[in-house]
Amino acid sequence: MKYKACLFDLDGVLVDTAVYHFQAWKILGKHFNFELSHEQNEELKGISRVESLDKILHWAHFQATQDQKGRWLKEKNETYLELISHMNPSEILPGVISFLDQLKEQGYLIALGSASKNAGIILEKTGLTNWFNAIIDGNVVTKSKPNPEVFLKGAEALGCPATACIVFEDAQAGIDAAKAGGMKVVGVGSPTILRGADKVISSFTELQVSELLLL
Ligand code: BG6
Ligand code: MG
């Protein structure tokens, strides 16, 4: 088999949690009179919580103390946890389960490669945990996407060389990370926004596992 493993980002690829991150950051922004736009939210995809706050404070032209930053990171996550506490399997994006099913049937290994420290909770709530042979999330990586660490750790955990891995990503930082790791990458989203992917799909309903061999 040309490829042995598929590595999935979580937020925006398997489930649509971007809306919850957006809401939680918007609520936090009230502390410093900042209204996050949809375009700015796009730039927060794939990057860590700490880096997201730094970007937001920069956009808001707000000089925060370390103490404020610590409190706000905690507060943002508490709001986010509250928002995701109601998540269930209906929030898995269209076509995902059928695609994972095909992968398993055809003997591919499956890993998660997410920047989120909340990945475990989201996988549990949506019933996705058991699909994964390895889970690499924000609790085990030290360098954020576009650094390839998260995907290289995923490939290592699966025992696969990078060249035998295909990454699925909705964020530009994630596509850049996969490429930096020497992997093939399928972008999930709009081809006008995502650059450098080997293929872009708008949804998993458009993709058959057999098409991966064309990458
Ligand atoms: C990524 C999201 O998957 O995880 C980012 O795309 C988010 O928007 C990052 O900031 C970190 O998530 P968390 O759950 O650890 O705050
Ligand atoms: Mg994502």
Side-chain angles (χ1 to χ4, degrees), residues 6-29 36-59 69-87 91-93 96 111-126 128 132 135-151 153-154 166-179 181 183 185-190 193-197 200-204:
C6 288
L7 279 62
F8 291 87
D9 173 50
L10 175 66
D11 296 318
V13 169
L14 302 175
V15 289
D16 189 13
T17 39
V19 289
Y20 301 130
H21 280 296
F22 185 53
Q23 273 175 273
W25 284 126
K26 267 178 97 108
I27 292 168
L28 190 86
L36 183 69
S37 73
H38 281 283
E39 290 71 28
Q40 286 164 330
N41 192 50
E42 194 63 34
E43 287 190 45
L44 301 180
K45 288 185 180 175
I47 65 169
S48 71
R49 198 182 310 161
V50 175
E51 286 170 325
S52 300
L53 179 61
D54 283 342
K55 261 188 192 278
I56 289 171
L57 290 170
H58 174 75
W59 290 327
K69 282 194 197 180
R71 274 189 285 119
W72 289 344
L73 285 170
K74 191 163 170 278
E75 194 179 315
K76 185 269 173 177
N77 199 47
E78 281 165 3
T79 309
Y80 182 67
L81 284 174
E82 174 58 34
L83 291 168
I84 63 169
S85 69
H86 308 288
M87 282 187 86
E91 288 176 72
I92 298 171
L93 287 166
V96 165
L112 189 85
S114 168
S116 174
K117 294 190 170 174
N118 297 303
I121 301 171
I122 294 166
L123 291 179
E124 281 302 326
K125 294 235 163 244
T126 52
L128 281 168
F132 294 92
I135 292 176
I136 311 295
D137 66 15
N139 298 297
V140 294
V141 293
T142 53
K143 301 177 201 99
S144 290
K145 300 169 186 176
N147 186 289
E149 183 189 14
V150 66
F151 296 130
K153 280 199 165 154
I166 303 170
V167 169
F168 293 84
E169 254 297 346
D170 71 316
Q172 190 59 47
I175 290 175
D176 297 343
K179 284 284 130 195
M183 298 171 182
V185 57
V186 175
V188 182
S190 157
I193 297 181
L194 301 175
R195 295 174 311 276
V200 178
I201 54 169
S202 61
S203 149
F204 280 94

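Quick note: residue numbers are just sequence positions, from 1. As the structure lists them, so they are numbered: ligands from 1, and atoms in each ligand from 1. Remember, predicted model here, so these are calculated numbers, not experimental data.
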Where on [X] is there a heavy atom closer than 4.0 Å to ligand 1, on the side chain, on the backbone, on both, or on neither?
X: Ile47; result: backbone
X: Lys117; result: both
X: Ser116; result: both

So do the side chains of [X] and [Y] get within less than 4.5 Å of each other, counting heavy atoms only?
X: Asp11; Y: His21; result: yes
X: Ser52; Y: Ile47; result: yes
X: Thr79; Y: Leu28; result: no

Vertex the Mg ion (ligand 2), ends Asp9/OD2 and Asp11/O: angle to nearest 10° comes to 90°

Measuring from the heavy atoms of [X], does anything fall under 4.0 Å of ligand 1?
X: Ala171; answer: no
X: Gly46; answer: yes
X: Leu10; answer: no

Review point. Are any of the N or O atoms of Arg49 closer than 3.5 Å to those of ligand 1?
Key: yes

Task: Any N/O pair Asn118/ligand 1 closer than 3.5 Å - done: yes

Do [Y] and [X] meet the salt-bridge criterion of a basic N to acidic O distance under 4.0 Å?
X: Arg71; Y: Glu75; value: no
X: Lys74; Y: Glu78; value: yes
X: Arg195; Y: Asp176; value: no

Per-atom filter on ligand 1: closer than 4.0 angstrom to a heavy atom of Ser52 are 10 (O)

Atoms of ligand 1 under 4.0 Å from any heavy atom of Lys45, numbered from 1 in the order shown, are 6 (O)

For atom 8 (O) of ligand 1, the closest protein heavy atom turns out to be Leu44 O, 3.2 Å

Sequence neighbours excluded, the answer for side chain to side chain contact (heavy atoms under 4.5 Å, CB included) partners of Lys26 is Phe22, Glu35, Leu36

Closest to the Mg ion (ligand 2), among the N/O/S atoms of Asp170, is atom OD1

In this structure, NZ of Lys55 is separated from CH2 of Trp25 (nearest 0.5 Å) by 12.5 Å

Nearest heavy atom to atom 4 (O) of ligand 1, choosing from Ile122, Asp9, Asp11, belongs to Asp11

Item to complete: Count the heavy atoms belonging to other residues, nucleotides or ligands that lie under 6.0 Å from NE2 of His38, then report whether that count exceeds 12.
Response: no

